[in-house]
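Only this structure's heavy atoms are used, side chains among them; waters, hydrogens and symmetry mates stay out.
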Amino acid sequence: MEIKKVKRSEDYSLWYNNLVKNADLAEHSAVKGCMVIKPYGYAIWEKMQAELDRRFKETGHQNAYFPLFVPKSLFEAEEKNAEGFAKECAVVTHYRLKTNPDDKGKLMVDPEAKLEEELIVRPTSEAIIWNTYRDWIQSYRDLPILINQWANVVRWEMRTRLFLRTAEFLWQEGHTAHATKEEAIEETIQMLNIYADFAENILAVPVVKGVKTENERFAGADDTYCIEGLMQDGKALQMGTSHFLGQNFAKAFNVKYLTKENKQEYVWATSWGVSTRLMGALIMCHSDDDGLVLPPKLAPIQVVIIPIARKDDEKALVLDKVNELAKQLKEKGISVKVDSRDNLTPGYKYAEWELKGVPVRMAIGPRDLQNETIEIARRDTKEKQIVSLHGVDDTVNKLLLQIQDNLYAQALQYRNSHTWEVNTWDEFLDAIENKTGFVSAHWDGTGETEEKIKELTKATIRCIPMANKEETGTCILTGKPSNKRALFAKAY
RNA sequence: CGGGGUGUAGCGUAGCCCGGUAUCGCGCCACAUUUGGGAUGUGGAGGUCGUAGGUUCGAAUCCUGCCACCCCGACCA
């Protein structure tokens, strides 16, 4: 594999695209804006799914599946939601093709087969799900409903990028129904916390939890909470959202329940989701000029072992040892790959596994057999050490944990050193334009000011961090009073 | 969707201006020698030149439509 190496410092987007392709994560398909997720990339997504799914189930959620298509009349029921997504919907209008009489061998849409009602390919599933929930909910005893679905959705984006923004993407969407506002808000926050925990402990990406401004809020929500990560190039990435939907969908779809007091009340709702965009976060947070760097908890292959030998008799001995070692590691629950391809040199293999982000590489040759040692290299720091073969499984286990922690620590360190608290417009401009990263600043709370700042600097309010305390200040742009700082950044 | 650019073997490319059936490197296959940081030699396979039309005796090359991708905007998870 001859790789045209582009450094992050030279062209970050090109570096990103090359990495996605070269590390075998995904590629463009014949369909505009849609990607093929390749087995190695999909394996990482599956690990993410497993971690999230476990957390969802631990908090009482169940998986279900709702249709890909939403009849237009249902889609438009919740006005704000419909309006928000209208511009990026794929629409099915016909259900049949036929042979083109003017051009045999070609197909055409059969004009006779026009659907009476258009079907919208879901950009999100609130509509179809709330239409269904109406039939599922009669009494307070039917609540809460705690459902998640793993699905694909389509948003007809003008400009796409592998994993970060594709016309079709994979995600999970949770949709819950509750008897009270308090319970729904509690659910919204709970899921936000689950996302944050997942991001930090599994992806090793530190995130800021916060609330979106009205401008950035999910269409149809009363409040949108989010986790925001900071990428290596100083741009922010929204990594997950959790919405408190109030009674908007319940009212739009007439979903009521009978209280203990025998009163009809509208149901309270939440929805929350993360997508394959997290793959982009993973890449842009940890990887380097040599390729992907995977946190051990998500690496499909945690350890690769490379046997080194010249002669046939040496090969046999080394391979025996390698297989024994692999077995030993697997017993500890470590996923191991033995790279015994004999047409490639060790150097080539090192480079290839580095490109693919395998956290730990072990090399063993005749010299090690004699000394009862093995070479261990870690992907994150590139450090190599020769260690004893005795107890090497424990050594590796510890190393994997260390790498996981180190990746988080590095990312946190980067974020902390790229988060700027500013109090004047000039400081703000300097931070956004030159220093890059998160900028914490006072803002007068109006959509107009937010919009103006976006026009002037391309920076948006990523969120109002939940950790921010009330403090008196003045808006960096208008000078009007403000009681809380917002977090600004240029974003993906 | 607007502006700019690109599309030639799995990948990266030359050829296009000035029309004559495609160049080179990597990879791939076979054999041999190799293997502790991207091996070497010899032989070989692989191409509807993005796609559909047009001009021409003849098109990768000229013209038109379409498709996809990249960069910059607007939109967005």
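Scanning residues 301-327 of chain A for heavy-atom distances under 4.0 Å to RNA chain B yields A:I308, A:A309, A:R310, A:K315.
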Which donor-acceptor pairs under 3.5 Å do the side chains of residues 189-201 of chain A make with protein atoms, sequence neighbours left out?
from   : atom 1 : to     : atom 2 : distance (Å)
A:Q190 : NE2    : A:E187 : OE1    : 3.2
A:N193 : OD1    : A:K209 : NZ     : 2.7
A:N193 : ND2    : A:I189 : O      : 3.3
A:Y195 : OH     : A:Q172 : OE1    : 2.5
A:Y195 : OH     : A:G273 : N      : 3.0
A:D197 : OD1    : A:N201 : ND2    : 2.6
A:D197 : OD2    : A:R55  : NE     : 2.9
A:D197 : OD2    : A:R55  : NH2    : 3.2
A:E200 : OE2    : A:V207 : N      : 2.9
A:N201 : ND2    : A:D197 : O      : 3.3

Taking only distance into account, with no hydrogens and no angle test, what donor-acceptor pairs under 3.5 Å do side-chain atoms of residues 369-376 of chain A form with protein atoms, sequence neighbours excluded?
from   : atom 1 : to     : atom 2 : distance (Å)
A:N371 : ND2    : A:R367 : O      : 3.3
A:E372 : OE1    : A:H390 : NE2    : 2.9
A:T373 : OG1    : A:D368 : OD1    : 2.9

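Here A:T166 lies in heavy-atom contact (under 4.0 Å) with a base. Across all strands shown, A:E354 has heavy atoms under 4.0 Å from base atoms, whether or not it also approaches the sugar-phosphate. Among the atoms of the strands shown, none is found under 4.0 Å from any heavy atom of A:Y492. A:E157 comes within 4.0 angstrom of a nucleotide base, judged by non-hydrogen atoms across all strands.
A distance of about 10 Å separates the C1' atoms of B:rC49 and B:rG7, rounded to the whole Å. Comparing B:rG58 with B:rC31, their C1' atoms sit 43 Å apart, to the nearest whole Å. The gap from the C1' atom of B:rU23 to that of B:rA9 amounts to 12 Å, rounded to the nearest Å. A gap of 24 Å separates the C1' atoms of B:rC70 and B:rG27, to the nearest Å. Between the C1' atoms of B:rU8 and B:rC24, the separation comes to 13 Å (whole Å). When the P atom is compared between B:rC66 and B:rG25, the two are found 39 Å apart, to the nearest whole Å.
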Please produce a list of atom pairs where a protein N or O lies less than 3.5 Å from an N or O of nucleotides 67-72 of chain B.
from   : atom 1 : to     : atom 2 : distance (Å)
B:rC69 : OP1    : A:G33  : N      : 2.7
B:rC69 : O3'    : A:H28  : NE2    : 3.2
B:rC70 : OP1    : A:H28  : NE2    : 3.2
B:rC72 : OP2    : A:R159 : NH2    : 2.4

Considering only nitrogen or oxygen atoms on both sides, find all protein atoms under 3.5 Å from nucleotides 39-41 of chain B and state each distance.
from   : atom 1 : to     : atom 2 : distance (Å)
B:rA39 : OP1    : A:T345 : OG1    : 3.1
B:rA39 : OP2    : A:T345 : OG1    : 2.3

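Formation of a donor-acceptor pair under 3.5 Å by the A:N248 side chain with backbone atoms of A:G220 is found in this model. Checked by atom type and distance alone, the side chain of A:N434 never pairs as donor or acceptor with a backbone atom of A:A431 at under 3.5 Å. In this structure, the side chain of A:K212 engages the main chain of A:R462 through a donor-acceptor pair within 3.5 Å.
A:R361 forms a cation-pi arrangement with A:Y350, by the criterion of a distance under 6.0 Å to the ring centre and an angle within 45° of the ring axis.
By the ring pair (Phe, Tyr, Trp, His ring centres under 6.0 Å) test, A:W15 pairs with A:Y12, sequence neighbours left out. Every side-chain contact (heavy atoms from CB on, under 4.5 Å) that A:D393 has, sequence neighbours left out, goes to A:Q328, A:L329, A:K332. Considering only residues two or more places apart in sequence or on other chains, A:E451 meets the side-chain contact (heavy atoms from CB on, under 4.5 Å) condition with A:N215, A:K454, A:E455. A:K311 meets the side-chain contact (heavy atoms from CB on, under 4.5 Å) test with A:D313, A:E314; sequence neighbours excluded.
Ring pair A:H61/A:F56 is perpendicular by interplanar angle, where above 60° counts as perpendicular and below 30° as parallel. Note on ring orientation: taking the six-membered ring where Trp is involved, the planes of A:H418 and A:Y414 are parallel (angle under 30°, cut-offs 30° and 60°).
Sorted by first then second residue, the salt bridge (charged side-chain N to carboxylate O under 4.0 Å, His left out) pairs that include residues 27-36 of chain A, not counting sequence neighbours, are A:E27-A:K38. Evaluation of the salt bridge (charged side-chain N to carboxylate O under 4.0 Å, His left out) test over residues 119-133 of chain A, restricted to residues two or more places apart or in two chains, returns none.
Both key distances under 3.5 Å define a Watson-Crick or G-U pair, and stretches of 3 or more such consecutive pairs in RNA chain B run B:1-7 with B:67-73, B:10-12 with B:24-26, B:28-33 with B:39-44, B:50-54 with B:62-66.
Contact annotation: side chain of A:E27 to base of B:rG10, donor-acceptor pair absent below 3.5 Å.
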